[in-house]
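Here the structure is a predicted model, which means the values were calculated and not measured. Side-chain atoms are counted along with the backbone in the values below, which use heavy atoms only and exclude waters and symmetry mates.
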Amino acid sequence: GNRTFYNLMPHAEYRNKTRNQKWDMMLNGELYLTGLNSTDYKVSASLQRLISKKIGYLQLGFQNINRTPSFIFDNRSSFYLLKTTTDFEKENTTLLYASLLQPANKLKLTGHYFLLTNYTYIKNFYELSQESSLFNVLQIALEKTIKVGKKWNWHSEIYFQQVIGNAPVNLPLIFTRNRFAYEGPTKFKNLDIAMGLEARYHT
């Protein structure tokens, strides 16, 4: 058969300081006018400012994404295993977030609150499904870099996650990733390297 896979998508972005000259503002958006992902869109906005050298930077943000489910949920995909055609609705995800960044201490604390509708997922290893009802996910993350040696660093991340509402989503309550790495120059003048070990754990 004949297939056409194209998209026409304009993108706009605006960055400036607010009137009081304290907050850095960023707005951007994109809209798929026509093509495979017609009417999909993404809009986001964020504000960031330096509170103080001791406290660090505060960032507040918002994002909304309306998107066609991944192509594996399309009956034209070789992964599509259902015997009957299912028309999946567009996924919609809203994200509200806040971050506190302390460059001096190499510390970052972040909170994310997701609102999801028409979430697509796979159950029983092969059944393509969609959850039409709205459910929420709360995630709190802490990231810290600890200097172990002159060129050795320990990058640690820990996430606390919770699904709010009756949803077919299984998330570990705690997830952590730790990286021990050598980061610096080599005997070759034009080559810097980051190399090490990574360990992950989740409940």
Side-chain angles (χ1 to χ4, degrees), residues 11 13 15 23-28 30 42-65 67 69-73 79 91 93-116 119-123 125 135-165 167-203:
H11 168 85
E13 188 163 327
R15 295 169 184 260
W23 293 87
D24 291 312
M25 178 173 59
M26 187 274 293
L27 305 170
N28 69 40
E30 54 191 47
K42 180 175 75 171
V43 293
S44 59
S46 71
L47 291 170
Q48 179 175 299
R49 68 169 291 184
L50 176 65
I51 304 300
S52 69
K53 290 185 178 180
K54 184 177 180 180
I55 297 176
Y57 291 89
L58 175 65
Q59 183 183 37
L60 304 173
F62 163 84
Q63 185 180 74
N64 181 253
I65 299 174
R67 64 183 291 269
S70 300
F71 197 71
I72 62 170
F73 293 89
F79 191 86
E91 294 180 326
T93 303
T94 298
L95 168 63
L96 304 172
Y97 65 91
S99 298
L100 182 64
L101 177 64
Q102 291 185 324
N105 297 321
K106 296 183 178 179
L107 177 69
K108 184 178 182 181
L109 177 64
T110 308
H112 291 94
Y113 189 70
F114 297 88
L115 298 92
L116 301 105
Y119 179 78
T120 49
Y121 64 99
I122 300 173
K123 66 180 181 181
F125 298 102
F135 67 95
N136 305 331
V137 174
L138 175 64
Q139 181 191 74
I140 297 173
L142 178 65
E143 302 174 38
K144 170 72 175 172
T145 297
I146 301 169
K147 199 164 188 65
V148 179
K150 187 176 181 180
K151 294 185 176 70
W152 288 88
N153 291 309
W154 172 19
H155 303 283
S156 182
E157 306 167 33
I158 184 167
Y159 300 87
F160 301 93
Q161 305 170 128
Q162 181 68 52
V163 177
I164 302 170
V169 178
N170 297 307
L171 290 174
L173 178 64
I174 299 173
F175 173 83
T176 182
R177 179 173 74 147
N178 291 274
R179 292 170 289 144
F180 299 90
Y182 172 88
E183 299 171 330
T186 63
K187 65 179 181 179
F188 303 101
K189 291 182 179 180
N190 297 327
L191 179 64
D192 285 353
I193 194 168
M195 178 179 65
L197 299 173
E198 179 176 288
R200 301 185 185 190
Y201 170 79
H202 62 80
T203 54

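Counting non-hydrogen atoms of other residues, nucleotides and ligands closer than 6.0 Å to CG of N170 gives a total of 12 or fewer. For L191, the CG atom is densely surrounded, since the number of other residues' heavy atoms within 6.0 Å is greater than 12.
With rounding to the nearest 0.5 Å, the separation of CD in E30 from CD1 in I65 is 8.5 Å. The distance from the CG atom of L115 to the OH atom of Y113 is 5.5 Å, given to the nearest 0.5 Å. Atom-to-atom distance recorded for I55:CD1 and L101:CG is 13.0 Å, nearest 0.5 angstrom. With rounding to the nearest 0.5 Å, the separation of OH in Y159 from OG1 in T110 is 8.0 Å. Taking CD1 of I140 as the reference point, atom CZ of F160 lies at 8.0 Å (rounded to 0.5 Å). Summarising the geometry, atom CD1 belonging to I193 is positioned 8.0 Å from atom OH belonging to Y182; distances are rounded to the nearest 0.5 Å.
In the model, N153 has a side-chain atom that pairs as donor or acceptor with a side-chain atom of E183 under 3.5 Å. Checked by atom type, the side-chain pair Q63/T94 shows no donor-acceptor distance below 3.5 Å.
Nearest heavy atom pair, residue L47 against residue W23, reads CB-CE3, 3.6 Å. In plain terms, the two heavy atoms of I122 and I72 that are nearest each other are CD1-CD1, 4.0 Å. In terms of heavy atoms, N178 sits closest to S156 at OD1-OG, 2.7 Å. When every heavy atom of K147 is checked against every heavy atom of K150, the shortest pair comes out as NZ-O, 3.1 Å. When all heavy atoms of T176 and E157 are compared, the pair lying nearest together is OG1-O, 2.7 Å.
Using modelled atom types, one side-chain atom of E91 and one backbone atom of T120 make a donor-acceptor pair closer than 3.5 Å. The closest donor-acceptor contact from the side chain of Q102 to the backbone of K54 lies under 3.5 Å. Panel note: side chain Q59, backbone S99; no donor-acceptor pair is recorded below 3.5 Å. Side-chain N or O atoms of K53 include none that pairs as donor or acceptor with a backbone N or O of G56 at under 3.5 Å. No donor-acceptor pair under 3.5 Å is formed between the side chain of T145 and the backbone N or O of H155. For the pair K144 (side chain) and N105 (backbone), a donor-acceptor distance under 3.5 Å is present. A side-chain donor-acceptor contact under 3.5 Å links T186 to the backbone of F188. Side-chain atoms of T203 come within 3.5 Å of backbone atoms of L173 as a donor-acceptor pair (strictly under, hydrogens ignored).
In this structure, W154 and F180 have parallel ring planes: the angle between them is below the 30° cut-off, well short of the 60° mark. Using bins of under 30°, 30° to 60° and over 60° for the plane-to-plane angle, the ring pair H202/F175 lands in the parallel bin.
Within the 4.5 Å cutoff, no side-chain heavy atoms of Y121 are placed close to those of V169. Side-chain contact between Q161 and P172: present, with at least one pair of heavy atoms (C-beta onward) separated by less than 4.5 Å. Considering only heavy atoms from C-beta on, S46 comes within 4.5 Å of Y97 through its side chain. At least one side-chain heavy atom of F114 sits less than 4.5 Å from a side-chain heavy atom of T93. Annotation: side chain of L95 is in contact with side chain of H112 (closest heavy-atom distance under 4.5 Å). L142 has its side chain within reach of L107: a pair of non-hydrogen atoms, C-beta onward, lies under 4.5 Å apart. Put simply, the side chain of V137 does not reach to within 4.5 Å of the side chain of I164, judged on heavy atoms.
Of the charged side-chain nitrogens involved, at least one lies within less than 4.0 Å of a carboxylate oxygen, so that R177 and E198 count as a salt-bridged pair. In summary, E143 and K106 do not engage in a salt bridge, as defined by a charged side-chain N under 4.0 Å from a carboxylate O.
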